[in-house]
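One structure is given here, and the rest of the page talks about it.
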Amino acid sequence: MSRSLQQNAVVEPPAITPVVAELAARFAAAGKRLYLVGGSVRDAVLGRPTNDFDFTTDARPAEIQKLLSGWADAQWDTGIAFGTVGASKKGEIIEITTFRADVYDGVTRNPEVTFGDSIDGDLVRRDFTVNAMAFDIAAGEFVDPTGGLQAARDGVLDTPATPQESFGDDPLRMLRAARFVSQLGFTAAPRVIEAMRSMAGQLTRITPERVQVELSKLLCGAHPRRGIELMVETGLADIVLPELTAMKLEIDEHHQHKDVFDHSLVVLEQAIDLEEVDQSPDLVLRIAALLHDIGKPATRKFEPGGGVSFHHHEVVGAKMVRKRLRALRYSKEITEDVAKLVYLHLRFHGYGNGEWTDSAVRRYVTDAGDLLTRLHKLVRADCTTRNKRKANLLRKTYDSLEERIARIAAEEDLARVRPDLDGNEIMKLLGLQPGREVGAAWKFLKELRLDRGPLDRDEAEAALLDWAREQGITPPAP
């Protein structure tokens, strides 16, 4: 067993709480070993904070239960079929799994659960070497049988076994490779890239729900561009997000970027730069930034003189986003939010030098709704050009739009644009019962409110009565 980490004085051991130390001593007194494994050990080596703790042991599940009995405040066995016993102590959640030596069937990613006899055997079966390190809590020693420390030092993502064997056991590990490249900023080893390229098609064995989880984690990583580029380079994107590969073929109409794909990655990075520093990554904004031009391949048209246009690509793109995100089992809320951002991302370019009327500004705000802040960030991120003068002009123009929004919002309640008469008032004035005509009248008043701003009651009533007569509705006599 390699103890290479133990010899490296600069590597800080994982932070062990008093509860964990007490538990490890309890296992040691019974002649059993308790190891911290997985991401918490990797993050300790990399100097990254973590609150995700997983434990493994040579004790069998029944022995784990016995050792926890009388010590834990509560314990449960929902994962016992996989060798996992859960417990809580003083508010800390603990999950301990017996050494595993699983065998995969090569068809699904579900292993035949087999318990192992050594920590080395348990670690070698894991996905990547940087995740195949353990920390013996009682002994205070690192265990590194597959060279995880050196891989961490080099920033290289490699597999303990051959990549073909590892990915054949569980194809989701290929997508996890792209995810870890994004999260850790690592580079995949050449043999890992080669295996991903040759085995990408096996991702079809994985359920959309699991693919979606990994994709979301990738997009919320610190280096999502790296992970996305690896997906495209290896063909994983052809299975997960084929629209990305399609964008590599499309040159944008201003010839400012290598291709639409590259432009989309620039927009993604610039959108991330606009996120709030003290908040979690904005998954909706990041998906929208990556896919905002998803409709360009389907709308490309070569114009006389060598130009290229993508008319209405935002409309086509919104439909494509809905289809793809539904296929990946994203929630309805995320799907609709991203689709709306894609649909609206071009509208600002009609603003020109401020030619929009106040009515147009109201509609921009109303259509964006609670996505307005995200839309601001997406539009600003999409204003990419190598011409610094033009870039500054675009930024100033959008500053002007935001200032107008703020001014109108101060004068009117833009966050709640409603007709100046409510449904009950409409029915009373027009002598209507609840139904479609009331809805049509309400919509008319809302459009009027957007066009003209707030009206006083007499103006609103007069306009509604005129509209009603045009519709063949005879209001009751006053």
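Note that the coordinates shown come from a computational prediction; the quantities given were computed from them, not determined experimentally.
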Exercise for review: Over all heavy atoms of both residues, which pair between Leu291 and Val342 is shortest? Give the atoms and the distance, please.
Suggested key: O-CG2, 4.0 Å
Check your understanding: Distance-only, no hydrogens or angles: does the Arg374 side chain make a donor-acceptor pair with backbone N or O of Val284 under 3.5 Å?
Key -> no
Exercise for review: Mark yes or no for whether Arg329, through its side chain, and Ala327, through its backbone, hold a donor-acceptor pair below 3.5 Å.
Suggested key: yes
Review point. Between the side chain of Arg100 and the main-chain N/O of Phe82, is any donor-acceptor distance below 3.5 Å?
Key: yes
Exercise for review: Ignoring hydrogens and angles, tell me if any N or O in the side chain of Glu275 forms a donor-acceptor pair with the backbone of Asp282 under 3.5 Å.
Suggested key: yes
Exercise for review: Applying side-chain contact (heavy atoms from CB on, under 4.5 Å), run through His313 and His345 and close with a yes or a no.
Suggested key: CA-CA 10 Å; His313 75 268; His345 84 274; 3.6 Å; yes
Practice item. Identify whether the distance between the nearest side-chain nitrogen and carboxylate oxygen of Asp358 and Arg404 falls below 4.0 Å. Key: yes
Exercise for review: Let me see the working for Val20 and Phe55 under side-chain contact (heavy atoms from CB on, under 4.5 Å), right down to the final yes or no.
Suggested key: CA-CA 10 Å; Val20 172; Phe55 301 91; 3.7 Å; yes
Exercise for review: Considering non-hydrogen atoms only, spot the tightest contact between Leu36 and Asp54 and give its length.
Suggested key: CD1-O, 3.3 Å
Residues 184-199, side-chain donor-acceptor partners within the protein, below 3.5 Å, at least two apart:
unit_1 : atom_1 : unit_2 : atom_2 : d
Arg191 : NE     : Asp158 : OD1    : 2.9
Arg191 : NE     : Asp158 : OD2    : 3.4
Arg191 : NH2    : Asp158 : OD1    : 3.3
Arg191 : NH2    : Thr159 : O      : 2.9
Arg191 : NH2    : Ala161 : O      : 3.2
Arg197 : NH2    : Glu233 : OE2    : 3.3
Ser198 : OG     : Glu194 : O      : 3.3
Ser198 : OG     : Ala195 : O      : 3.1

Review point. Salt-bridged, Glu165 to Arg125, with N to O below 4.0 Å?
Key: no
**Study point:** Pair Arg347 + Asp367: basic N to acidic O under 4.0 Å
**Key:** yes
**Study point:** Counterpart residues, salt bridge (Lys or Arg N to Asp or Glu O under 4.0 Å), relative to Arg380 (two or more places apart)
**Key:** Asp399, Glu402
Practice item. Take Phe180 and Asn131, measure what side-chain contact (heavy atoms from CB on, under 4.5 Å) needs, and give me the verdict at the end. Key: CA-CA 10 Å; Phe180 283 122; Asn131 295 331; 3.4 Å; yes
Check your understanding: To the nearest 0.5 Å, how far apart are NZ in Lys296 and CD1 in Ile294?
Key -> 13.0 Å
**Study point:** Expected output: side-chain Thr335 to main-chain Ser331 donor-acceptor under 3.5 Å
**Key:** yes
Practice item. May I ask you to decide if Ala381's main-chain N or O and Gln270's side chain share a donor-acceptor pair within less than 3.5 Å? Key: yes
Review point. So, the side chain of Ser40 versus the backbone of Phe53: is there a donor-acceptor pair under 3.5 Å, distance only?
Key: no
Check your understanding: Looking at Leu394 and Cys383, what are the two nearest heavy atoms and their distance?
Key -> CD1-CB, 3.8 Å
Exercise for review: With rounding to the nearest 0.5 Å, note down the distance linking CD in Glu243 to CZ in Phe261.
Suggested key: 12.5 Å
Review point. Is a side-chain donor-acceptor pair under 3.5 Å present for Asn392 with Arg395?
Key: yes
Check your understanding: Taking Ser216 for the side chain and Gln212 for the main chain, is one N or O donor matched with an acceptor at less than 3.5 Å?
Key -> yes
Check your understanding: Do NZ/NE/NH1/NH2 and the carboxylate oxygens of Arg225 and Glu229 come within less than 4.0 Å?
Key -> yes
Practice item. For side-chain contact (heavy atoms from CB on, under 4.5 Å), just list the numbers for Asn424 and Met427, CA-CA rounded to whole Å, side-chain angles, deciding distance to a tenth of an Å, and then say yes or no. Key: CA-CA 5 Å; Asn424 289 327; Met427 288 188 289; 3.5 Å; yes
Review point. For Trp467, what residues pass the ring-ring contact (aromatic ring centres under 6.0 Å, His included) criterion, not counting sequence neighbours?
Key: Phe444
Check your understanding: Once you round to the nearest 0.5 Å, how far does CG of Leu346 lie from CG of Asp293?
Key -> 7.5 Å
Practice item. Quick one: do Thr56 and Thr97 satisfy side chain to side chain donor-acceptor pair (under 3.5 Å)? Show the steps, please. Key: CA-CA 5 Å; Thr56 190; Thr97 302; over 6 Å; no
Review point. Atom CD in Glu425, atom CZ in Arg457: separation rounded to 0.5 Å?
Key: 4.0 Å
